[in-house]
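By convention in this document, chain letters (A, B, ...) are assigned in the order of the sequence lines, proteins followed by strands, and residues within each chain are numbered from 1. Any value given below was found using the heavy atoms of this structure, including those in side chains, with hydrogens, waters and symmetry copies removed.
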Amino acid sequence: MSHWLLKSEPDVFSFEDLISRPKKTEPWNGVRNYQVRNYMRDEMKVGDLGFFYHSSCPNPGIAGVVRLSSEAKPDPTQFDSKSEYHDPGSKKEDPRWLLVDVTWEATFPKFVSLDDLRSAPELAEMLILRRGNRLSITPVSHAHFTKICAMGGLKKVPK
DNA sequence: GCCAACGTTGGC
DNA sequence: GCCAACGTTGGC
């Protein structure tokens, strides 16, 4: 099983928004980056775990854990001319952009802030902490996943 | 295929 | 609002 970190701007869609959704599940639409699209297509599997990261906000950091609940499938917003994610160059018979469904798994008793991540020496290699990293989904090692779950106050690491 | 211009991301 | 980083676009 692989582990992931998924960024979302809480003004647009927050961890609390996910919890309030039916079945605590949301289609992760709007990815318009080829590298992230390829992660979804080639590497992300049903049952994989991920962190829900709040970005571009006063207190960036990780709010909790999610689980991937679908395989990659076409993102319908690419065909919706009213959507900000509309891509007129994508064809129905050959969709350019994919999404996966994401389901709430666990809420961290203690929010793990970006400062917390930066201050943990064993997390120094995390992609999210590298300058200029702008991918909205990044892989997370099993060791980092376990460490961050502990920092978040989870008694049991989801698996 | 190169690369300058442009747009977006995201922390501060 | 600033700005560094970097992906994308488009002229050639």
- request: Applying side-chain hydrogen bond (donor to acceptor under 3.5 Å, both in side chains), name anything that partners A/R118, two or more places apart in sequence or on another chain.
  value: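 Expected list: none.
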Side chains of residues 125-135 of chain A: which donor-acceptor partners sit under 3.5 Å, not counting sequence neighbours?
unit_1: A/N133; atom_1: OD1; unit_2: A/L135; atom_2: N; d: 3.3
unit_1: A/N133; atom_1: ND2; unit_2: A/L127; atom_2: O; d: 3.4

A/R37, A/R96, A/R32 screened by salt bridge (Lys or Arg N to Asp or Glu O under 4.0 Å) with A/D75, the one that passes: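 Between A/D75 and the candidates, salt bridge (Lys or Arg N to Asp or Glu O under 4.0 Å) is satisfied uniquely by A/R32.
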message: Counting neighbours of NZ on A/K91 that are heavy atoms of other residues, nucleotides or ligands and sit closer than 6.0 Å, is the number greater than 12?
response: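 12 or below, so no.
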Interface limits on DNA chain B, where chain A has a heavy atom under 4.0 Å of a nucleotide atom: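 Both ends considered, the range comes out as B/dG7 to B/dC12.
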field: Matching residue for A/S69 among A/D48, A/D101, A/T103 - test: side chain to side chain donor-acceptor pair (under 3.5 Å)
entry: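 So, applying the side chain to side chain donor-acceptor pair (under 3.5 Å) to A/S69 and each of A/D48, A/D101, A/T103, only A/T103 qualifies.
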